[in-house]
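Working notes, beginning with the structure itself.
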There are 2 protein chains.
Amino acid sequence: MSERKKRKPGETREKLMSAVLTLVGKGRHFASLGIREVTRQAGVVPTSFYRHFRNMDDLGLQLVDELGLVLRRMMREARENVFQADKLIEESVGIFVSHAQANRSFFLFMAQGLAGESRAIQDGIRSEMRYFSTELANDLRRLKLADHLTDGDLEMTCDLVVRSVAFSLTDLMGVSAEDEYQVEQIRKRTCRFLQLIFVGAAHWDNKQA
Amino acid sequence: MSERKKRKPGETREKLMSAVLTLVGKGRHFASLGIREVTRQAGVVPTSFYRHFRNMDDLGLQLVDELGLVLRRMMREARENVFQADKLIEESVGIFVSHAQANRSFFLFMAQGLAGESRAIQDGIRSEMRYFSTELANDLRRLKLADHLTDGDLEMTCDLVVRSVAFSLTDLMGVSAEDEYQVEQIRKRTCRFLQLIFVGAAHWDNKQA
DNA sequence: ACAACATGTGCACAAGTGTACACATTAGGT
DNA sequence: ACCTAATGTGTACACTTGTGCACATGTTGT
């Protein structure tokens with residue numbers, strides 16, 4: 001009953017997954033990738049694919065799961081590095097941008113999947129975003145930064161925040177990672193978006209009537 | 001020198017374009033479509049394709065142009081139907097939603113193109129959004145609804161509005177057009193997003209320091 | 001050590017793909 | 001009415017694709 005011996009349990013599997021990410025990173029769209037192309041990129045024989053995935057969508061779904069891990073890691077880092085509230089937005093957006101650069105292909109895949117052709121993958125990504133949004137709401141509650149908002153309004157605010165950041169993602173993916181200036185522009189603009197949203201949230205209740 | 005005689009100048013051409021829209025409407029992703037598939041759907045022989053387009057991306061670009069027309073028509077209707085400021089958001093979002101339903105495939109194509117694999121198409125759609133955003137800014141200025149904002153801040157606000165609506169588009173495309181309840185939920189949620197943003201904009205200057 | 005299984009490989013094949021070429025039809029301007 | 005250009009069609013070919021099958025290899029549990 002010792003199951004942790006496998007020397008390379010999913011070596012090919014990982015090669016296939018990162019082959020997809022590589023291709024996506026090169027500008028290809030996930031929906032246009034075929035099994036043969038992916039196996040070729042992974043340096044594996046086509047039939048090997050079926051040892052690990054039933055089809056491309058299956059592989060995509062498992063990529064979404066890994067994407068979840070990346071996002072969680074990012075969120076943890078954000079929580080550890082944000083000390084005072086006034087720098088909250090700048091710090092968080094900064095961490096987001098640097099993660100997006102470090103895992104470019106992953107986030108590219110995410111951006112694609114939002115309007116992709118597999119409904120399951122769409123739902124998976126959407127679900128990750130929802131999770132992210134509720135966690136953000138929890139944090140804001142804990143930091144006492146949202147005391148005047150009802151749960152519903154806080155949820156909505158966080159949803160809008162997450163959406164805006166996700167949209168900035170597409171901006172970010174549109175410019176080369178080395179273009180420091182453009183990246184910086186996007187970072188600043190995203191911060192301003194979030195500030196605007198939070199100003200709106202701070203003054204929300206009186207308008208709610 | 002009379003050039004308007006052509007009986008069916010671009011009949012096949014239109015058939016090809018709407019064939020793409022049909023396939024996209026059926027849930028396919030633009031990036032995964034091939035020339036043969038499209039011509040088959042259009043009921044045309046494969047080689048005809050090259051009479052009108054150089055490749056799929058070319059066709060996509062021309063679809064973006066048509067999309068621009070759809071968007072402009074939508075904006076015109078919005079301008080004609082919005083009378084007083086307090087219903088501005090509800091009216092506009094309503095018009096947006098109904099247009100998105102009426103031209104589902106078109107908007108689906110737009111949502112896909114934002115993270116598609118053709119850079120040119122991405123830029124085209126982005127450019128349409130920018131246009132939309134600046135027009136919105138002009139309207140708000142004209143209606144005296146943004147007097148306390150600098151041009152830059154107004155531009156940012158409108159950009160955020162357009163992005164939020166565009167993201168709602170992906171929500172909308174995710175539910176069946178007949179699911180009245182879900183569509184209504186999305187409509188309401190989008191309105192709340194915009195309200196939140198405008199509340200933020202209304203109180204922006206004091207925070208700007 | 002041996003049986004059971006998971007994983008990787010090679011081969012095969014029918015189907016689909018992009019596109020070149022030559023030809024048929026039609027439309028437009030004179 | 002005629003020439004030219006635009007548009008549509010059929011055939012052809014080399015190539016890619018998904019996937020089934022049989023076999024090789026390695027790994028695990030007893």
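Lettering follows sequence order; numbering is per chain, from 1. Heavy-atom basis, side chains included; hydrogens, waters and symmetry copies ignored.
The 12-atom threshold is exceeded at CZ of A:Arg142, counting heavy atoms of other residues, nucleotides or ligands nearer than 6.0 Å.
To the nearest angstrom, P of C:dT7 lies 13 Å from CD of A:Glu14. Between B:Asp58 atom CG and C:dT19 atom P there is a gap of 12 Å when expressed in whole angstrom units. With rounding to whole Å, B:Phe53 atom CZ is found 17 Å from C:dT19 atom C1'. Between the CG atom of B:Leu16 and the C1' atom of D:dT7 there is a distance of 12 Å, given to the nearest Å.
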Check: protein-nucleotides 15-20 of chain D nitrogen or oxygen pairs below 3.5 Å:
residue, atom, partner, partner atom, Å
D:dT17, OP2, A:Arg40, NH2, 2.3
D:dG18, OP1, A:Ile35, N, 2.8
D:dG18, OP2, A:Ile35, N, 3.2
D:dG18, OP2, A:Arg36, N, 2.7
D:dG18, N7, A:Arg36, NH1, 2.3
D:dG18, O6, A:Arg36, NH1, 2.7
D:dT19, OP2, A:Tyr50, OH, 2.8
D:dT19, O5', A:Tyr50, OH, 3.2
D:dT19, O4, A:Arg36, NH1, 3.2

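B:Arg72 pairs with exactly one of B:Glu77, B:Glu135, B:Glu128 by the salt bridge (charged side-chain N to carboxylate O under 4.0 Å, His left out) rule, that one being B:Glu128.
For A:Arg51, taking side-chain heavy atoms from C-beta onward, the closest of the listed nucleotides C:dT9, D:dG10, C:dA22 is C:dT9. Listed nucleotides C:dG8, D:dT9, D:dT7 differ in distance to B:His52; the shortest reach to its side chain belongs to D:dT7.
Checked against salt bridge (Lys or Arg N to Asp or Glu O under 4.0 Å), A:Asp57 has no partners two or more places apart in sequence or in another chain. The side-chain hydrogen bond (donor to acceptor under 3.5 Å, both in side chains) check on B:Glu91 picks up nothing, with sequence neighbours excluded.
Under a 4.0 Å N-O distance rule, the pair B:Arg192/A:Asp159 does not qualify as a salt bridge.
A sub-4.0 Å separation between OP1 or OP2 of D:dT7 and a side-chain N or O of B:Thr12 is absent.
Residue pairs meeting the ring pair (Phe, Tyr, Trp, His ring centres under 6.0 Å) criterion with at least one member in residues 118-140 of chain B: none, sequence neighbours excluded. Listed by first then second residue, pairs satisfying side-chain hydrogen bond (donor to acceptor under 3.5 Å, both in side chains) with a partner in residues 16-31 of chain A read A:Arg28-A:Ser32, A:Arg28-A:Glu37, A:Arg28-B:Glu117, A:His29-B:His29, not counting sequence neighbours.
For the atom pair CG of B:Leu16 and CD of B:Glu11, the computed distance is 10.5 Å after rounding to the nearest 0.5 Å.
Comparing the start and finish of the helix from C:dA1-D:dT30 to C:dA27-D:dT4, five pairs each, the helix axis swings through 30°, to the nearest 10 degrees.
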